[in-house]
Amino acid sequence: MALLDHLNSPQLAAVTLDPQHHALVLAGAGSGKTRVLTLRMAWLMQQGLVGPGGILAVTFTNKAAREMVTRMTALLPISPRGMWIGTFHGLCNRMLRAHHRDAGLPSTFQILDIADQLSAIKRVLKAHQIDDEKYPPKQVQRFINAAKEEGLRPGQTEAHDSFHRRLDEIYDLYQTQCNREGVVDFAELLLRSHELLQQQAAVREHYQRRFRHILVDEFQDTNRLQYRWLKLLAGGGASVFAVGDDDQSIYAFRGANVGNMSEFERDFAGPHLIRLEQNYRSFGHILDSANALIANNDGRLGKNLWTDRGEGEPIRVAETVSDAAEAQWVLSEIQSLVAEGRLRREIAILYRSNAQSRAFEHALFSAQVPYKVYGGLRFFERQEVKHALAYLRLMENPHDDTAFLRVVNFPTRGIGARTLEQLGDVARERGSSLYGAVALVAGKGGANLARFVELVDRLRFETTGLTLPELVDHVLQHSGLRQHYEQEKDGSDRLENLDELIPAAAAFIDEGPMPDFDGDGVIAEPLPDDAMPALAAFLSHAALEAGDNQAADGQDAVQLMTIHAAKGLEFEAVFITGLEEGLFPHENSAVDPAGLEEERRLMYVAITRARERLYLGYTQSRMLHGQTRYPMRSRFFDELPESCLKWLTPRQPAWAQGAEARRAAWEESDWSPRPRASAAGASGGLASAGGIMVGEQHFRVGQSVHHARFGEGVILALQGSGTQAQAQIRFADAGTKTLALGVAKLEAR
DNA sequence: GTGTCCCTCCTCGGC
DNA sequence: GGAGGGACAC
């Protein structure tokens, strides 16, 4: 059958697995994962084993979902309309819209993005006079989201001390506020949807009957709640086809639980485990390096990538004197690659943190090499766009206090902090929204508030019956936003973005009618056919899909991005830069073994992005937080097979690395490296990474230490010697401290 | 009520 | 080094 041509045998086994069986597909980088996933769906339908309505396919990003739909429709002449293919959040939103009453939500519920959520939390703290220094909003936000991702409601979190009991109370206050305002945050979409399925038998049974095949992409990135949601949906006998790679799990820091992979094996009674290990992307040296590196991690499910493409070029490594020099090196290599005829868009510069992009941008810009930086603010996250959306949200749901506060005095209309404080007090007393309390504020402030409410009501009234793009245009014009940015100096960029909302709305409408929330209409309620659902859907879209961060200009440009952003992508040539202790592995992650393993997986992801050429760079000195650091080269170099590497600069022994070595070299004005007495015996290998002796103790950068008061930490930098010796140490709980090694009692770990 | 300066803090980031 | 938030002057 044409559908199955050119598949290797594990791929074929996965695609044509008995439809009754569950499967866990361990799909290595570049092993044809997306192809297997889409072919599996196509095969099931082509064999008549399931119709489009019986499939639920879930991904993490909108991009991945779109790609799946595109590939699918290329394989089979079907409309993806009846199919549930989307992100976890997108699908949960769809379910909650259809069953909002059963889920206890207003039909007009709005979605808070992370920024909206943070401002909602700040309001909670303020309204209840909670000290925001003791309970920093960001920390409260992390606590709430982590609790929700574990499926925990207020009162159910582990409150073993007064601090956490208070956090739990704040969580409760926050949730009450969200419920009153009719808003849900991202984690709430998941949690509500899970509770809906759990508590409403009719809804649960409906979807369990409907979905016969559940497919999950990037399964290693699922959190506990997402896994429970899947389990609940599969509870009616559906087959689950989970595809993932434990070695590419790089999102534990935001709640991903790789443990779901082994749990899946248990819960689904030993599913068929299929390994896709043949790599169609990279040459041998690249894969050998990736395999050797990742072998240093414990508890892997186990997998070894191989290729029949041959060894290819060695991996080129360079040490440079500074971050600027590193950028110059990368630039000159890129110029040679381009001269050889490679496309710039096939070349990627990868880094651990966004701050590193500046040096590369500077070098590329000066040399007039086109480049594109990924990351940063995206369209729907821009201030001016969020302002416009806030007006739209208020028209849809006037009790959305977050939206209210964002624009109540923007553009300024004489409503200040004092007036808003009064308004807040009144609203709290009456338990109403800010909008609902406006009439009770007297005086000049009250009159201004009344004018604002009139404006919103008028906008709603005037736009009835308009199409979505017309509606948006009207609001931009009559809210005063457009005039505001016209008058503002340097406001032209913002004005452009603002106006871009109109075509964005038009494009949204063109993408097709609103998804029928549930095609069979048995449970879902029919929706009225006027502009309001379009607006509601558009607002969901804006929250769930923040849009591109930069318009694609079609120019052939070098790609700059973090390694996280590069996951899932591939390039002919890849530069992995800033391979230094403290940066990569990052100092915040090096304190515990789990963090270090995640850094190693990140390095694994970075290496496996390259098809033909791979370059590794590190530097002797780097500007970080406005300070110059003298880092050691990354420990990951010691985990790569020497036979795969080609050093473009001499490989310096480990003792010649780091601050102490630089200081010594400078003081002695002696650039011929030789071992120093303090590091005698150091001759390569992990344990010998330079450092200094203080009394009987030997310290080195990257070492884990214990301090009686500050707890566990890791040495970031060393300076001085003997009684003058100091160490900069990052402690897990106490932050970064500079300690005198002769005085501080440190235990080596 | 509004605008400006200074102080702080600092990974990775999709939905 | 640079963004964002709070304190303070107009």
Looking for any heavy atom pair under 4.0 Å, which part of the strands does Asp221(A) touch: base, sugar-phosphate only, or nothing?
nothing

Under 5.5 Å between ring centres and under 30° between planes: does that hold for His564(A) against the base of dC12(B)?
no

Round to a whole Å and report the spacing from CD of Glu361(A) to P of dG2(C).
11 Å

Arg142(A) CZ to dC12(B) C1': how many Å, rounded?
13 Å

Distance in angstrom units between Asn588(A) CG and dC9(B) C1', rounded
13 Å

Spacing of Leu624(A) atom CG relative to dG1(C) atom C1', expressed in whole Å
10 Å

Atom-pair distance (CE on Met561(A); P on dC12(B)), nearest Å
15 Å

P atoms of dG4(C) and dG13(B), separation to the nearest Å
16 Å

What's Ala187(A) touching, base or sugar-phosphate or nothing? Going by heavy atoms closer than 4.0 Å.
nothing

Would you call Phe60(A) stacked on dC15(B), i.e. ring centres under 5.5 Å apart with the planes less than 30° off parallel?
no

Tell me whether the rings of Phe404(A) and Phe452(A) are parallel (<30°), tilted (30 to 60°) or perpendicular (>60°).
perpendicular

Judged by atom type as modelled, is there a donor-acceptor pair below 3.5 Å linking the side chain of Asn448(A) to the main-chain atoms of Gly414(A)?
yes

Mapping Asn409(A) and Ala565(A) onto DNA chain B by nearest heavy atom, which one lands closer to the 5' end?
Asn409(A)

Base, sugar-phosphate, or nothing for Arg352(A), non-hydrogen atoms under 4.0 angstrom?
base

Just how far, in rounded Å, is C1' of dG14(B) from CZ of Phe219(A)?
18 Å

Can you check the Arg629(A) CZ to dG1(C) P distance for me, whole Å?
15 Å

Which part of the nucleic acid, if any, lies within reach of Lys444(A) when heavy atoms closer than 4.0 Å are counted: base, sugar-phosphate only, or nothing?
nothing

Using a heavy-atom cut-off of under 4.0 Å over every strand shown, decide if Gly626(A) touches base, sugar-phosphate, or nothing.
base

Assess the pair Phe584(A) and Tyr618(A): is the distance between their ring centroids shorter than 6.0 Å?
no

Would Phe109(A) and His100(A) count as a close aromatic pair, with their ring centres under 6.0 Å?
no

To the nearest Å, give me how far apart CD (Glu381(A)) and P (dG13(B)) are.
12 Å

Counting the atoms with a prime plus P, OP1 and OP2 as sugar-phosphate, which does Leu602(A) contact under 4.0 Å by heavy atoms, base, sugar-phosphate, or nothing?
nothing

Using a 4.0 Å heavy-atom cut-off, does Ser589(A) contact any base of the nucleic acid, only the sugar-phosphate backbone, or nothing at all?
base

Closer than 4.0 angstrom, basic N to acidic O: yes or no for Glu421(A) and Arg418(A)?
no

Considering every strand and a 4.0 Å limit on heavy-atom distances, what is the contact class for Glu599(A): base, sugar-phosphate, or nothing?
base

How is Asn354(A) classified with respect to the nucleic acid when contacts are heavy atoms under 4.0 Å: base, sugar-phosphate, or nothing?
sugar-phosphate

Please name the nucleotide paired to dT11(B) by Watson-Crick or G-U wobble geometry with both distances under 3.5 Å, or report none.
none

Does the ring center of His564(A) lie less than 6.0 Å from the ring center of Phe253(A)?
yes

